Structure formats: C-alpha cells, structure tokens
J.: 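Pasting in a structure now, in structure tokens, and then I'll have a few things to ask.
Quick caveat: nothing in here was measured; it's all calculated off a predicted structure.
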Amino acid sequence: MNETSDHPLCAFIVDDERLARENLRDLLKNHPHVLVVGEARNAAEAQKGIAATRPDLLFLDIQMPGGSGFDLLDRLEDPPPTIFVTAYNQFAIRAFEVNALDYLLKPVDPDRLRSTLERAATRFVPEPESHLSSTDQVFLNTGKKSLFLPVMDIAAITAEGNYTHVIDVRGRRYMVRYSLRVWESRLPGEAFITLDRSLIINRHQVRSWRSESRKADIYLADIPTPFPLGRAAYQRFRELVVGSIIDFRP
C-alpha cells in the first residue's frame, strides 16, 4: 500500500479469541498506515464500537458466540469495507456475496495480508484536491446517496473523526469521508473561513450571533440550531468576519 499517505486507514478488529486479535494487531504493526482504532469480542460489542469509531476497514471473524460476522453486517446500517478472517473456508462464497474485500484464513499469512491491504488502499484514494470557485458545484458521496451541491449553498462543515458533515443552508447534513484539511484546500477562501480544528463556516451565510463570556453562538442561513464557538474561535470570528463587515461599511 502507499506508505507515504498522510491519512492512515482506520481498522476495527472483531474476533472472540483474544490471541487471534493480538496476532492480527501485531501483524498490522508492520503497516504504519493502518491504525487499529478498536476491537470487540462479539457482534454486540462490535456494533457499538464501529458506530463510535467509524473505521475505514473491518477485520471480521465469522463464528462467534451471540451472533456471526454475517449477523453483525446485517445489523450495521452502513458497514465499512470488510475483510473476513476465519479458520473455516466454507463461508468464502457467502463472504463475497456480501462484497467482502477479502477472505483470509487463520493463521494469517503476512504476505497475503500485505496484498490485501494494498488492494484495500486503492478504495480510499481521495479525489483530486482541485480548487472550487463560488460558482461551482461539489460532488458529495455519503455512501447511501450521491448529489451535487452548489458551493455557496454550503453553510458550514464540521469534523467528526475521519469524516466531515457538510451542512447546507437548509440545515441538511451530508457525512462524507473527507478531512477538514481537504475542504480547506478546495473551498474558495473569500467565502469560507476555518474557525477551529472542527469548523469551517461560509461567511456569507452568517445571520446573527450572541456572545457571552468571550464565547458565542452563531446562526447561519436558515439553520435554527446555533454553532457554538469557544474563546479562540470567537476571537477569530470577530477578526475575520465581524471585522470585515465593519471595515467595509459605507
């Protein structure tokens, strides 16, 4: 896989055998751009852990007490790309029927794992980071739906782990697999301002704000829920948004 990537692939391991989890975790240490963000012993634990960590890859055993790996995938609303890791070869056909990336037999062969990860990495090559203008539309793929959204209809972008929420002027949210840094490099700087590590706003969609104790709530477009700003973010908002309004007032 591309060892020079700036964005590690976040992996979650599900296996009821502790030694199997440890063995896979040790093998993955040889791949610095795969980061294990969690593990679970059964389907119930895994469902909660996957919802919390939103991994890029799922390493999944099949036969476990309390529900099989297939049962887990059925429970997940949007399962991540899955690599089955099992001691049994009779489930291979069913695994590929659910679009598994690969099917690895225990004990996992390091060379086979490397080949699997190289193939998996191609699924996460980001789109070219071309610069967008205020008249462009941006293509969004949430995994469930795809759409084009006019750039200036974006009111804000918030970060959540390896994902971001694109929030339009009507308050609709679209979760996509892009970092805030990617959006910073693509959006027109005249309109979009990064206020902190988790929030970009469209300055043209600011409607009002309410401050208290050096913090503030700002209201954008027709969105009834405010965006809270901490002290540093509010100071940046005052300098880059409020200040520009005052400077250009006739």
Side-chain angles (χ1 to χ4, degrees), residues 7-16 21 24-25 28 34-86 91-104 116-117 119-127 138-149 153-180 182-183 198-199 223-225 227:
H7 304 286
L9 294 180
C10 295
F12 196 97
I13 299 172
V14 184
D15 199 307
D16 62 310
R21 296 195 305 272
L24 182 55
R25 196 164 58 241
L28 291 173
V34 178
L35 175 65
V36 177
V37 295
E39 58 182 60
R41 298 171 295 177
N42 53 54
E45 285 185 2
Q47 189 172 2
K48 295 178 181 178
I50 291 168
T53 60
R54 295 187 178 275
D56 299 310
L57 292 175
L58 176 62
F59 289 90
L60 181 60
D61 191 13
I62 292 179
Q63 292 191 322
M64 300 179 293
S68 70
F70 296 114
D71 293 331
L72 171 63
L73 294 181
D74 286 340
R75 296 175 193 171
L76 296 175
E77 186 175 346
D78 186 19
T82 301
I83 299 168
F84 284 100
V85 183
T86 178
F91 301 107
I93 293 178
R94 186 177 177 188
F96 290 110
E97 287 176 347
V98 296
N99 297 317
L101 282 179
D102 210 340
Y103 190 94
L104 304 180
T116 298
L117 292 174
R119 190 161 61 254
T122 64
R123 297 279 297 267
F124 300 98
V125 177
E127 296 178 5
V138 62
F139 175 73
L140 302 178
N141 182 358
T142 69
K144 298 179 183 178
K145 64 183 295 186
S146 299
L147 69 149
F148 286 97
L149 181 68
D153 280 0
I154 298 174
I157 299 176
T158 61
E160 182 180 333
N162 297 318
Y163 293 74
T164 46
H165 293 272
V166 178
I167 307 166
D168 71 11
V169 292
R170 296 175 62 184
R172 293 174 297 197
R173 289 174 171 261
Y174 308 98
M175 178 177 278
V176 294
R177 196 189 297 268
Y178 286 121
S179 68
L180 211 69
V182 169
W183 286 114
S198 62
L199 177 63
I223 305 171
T225 304
F227 293 79

J.: Taking the side chain as C-beta and beyond, is there a heavy-atom pair between T158 and T164 under 4.5 Å?
T.: no

J.: Could you note down all residue pairs passing ring-ring contact (aromatic ring centres under 6.0 Å, His included) where residues 38-58 supplies at least one of them, sequence neighbours left out?
T.: none

J.: Check salt bridge (Lys or Arg N to Asp or Glu O under 4.0 Å) between E39 and all other residues, then give those that pass, not counting sequence neighbours.
T.: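 Only R21, R25 meet the salt bridge (Lys or Arg N to Asp or Glu O under 4.0 Å) criterion with E39.
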
J.: Listing request: all ring-ring contact (aromatic ring centres under 6.0 Å, His included) pairs with a residue in residues 45-64, at least two apart in sequence or in separate chains.
T.: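 Listed by first then second residue: nothing to list.
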
J.: With sequence neighbours excluded, tell me which residues meet salt bridge (Lys or Arg N to Asp or Glu O under 4.0 Å) with D168.
T.: R172

J.: Looking only at atom types and distance, does a side-chain atom of T53 sit under 3.5 Å from a main-chain N or O of A51, one as donor and one as acceptor?
T.: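 Looks like no, no N/O pair under 3.5 Å.
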
J.: Roughly how far apart are L24 CG and I13 CD1, rounded to 0.5 Å?
T.: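 The distance works out to 4.0 Å.
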
J.: Considering only distance and modelled atom types, tabulate donor-acceptor pairs under 3.5 Å from the side chains of residues 69-77, sequence neighbours left out.
T.:
unit_1	atom_1	unit_2	atom_2	d
D71	OD2	S68	N	2.9
D71	OD2	S68	OG	3.3
E77	OE2	K144	NZ	2.2

J.: Does D15 pair with R41 as a salt bridge, N-O distance under 4.0 Å?
T.: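 No, this pair does not count.
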
J.: A side-chain contact here means heavy atoms from C-beta on lying under 4.5 Å apart; do I157 and I167 qualify?
T.: no

J.: Output side-chain donor-acceptor pairs under 3.5 Å for residues 60-67, partner residues at least two apart or in another chain, one line each.
T.:
none

J.: Angle between ring planes, W183 versus Y178, binned at 30° and 60°: parallel, tilted or perpendicular?
T.: perpendicular

J.: What's the spacing between R54 CZ and Y163 OH if we round to 0.5 Å?
T.: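 Those atoms lie 6.5 Å apart.
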
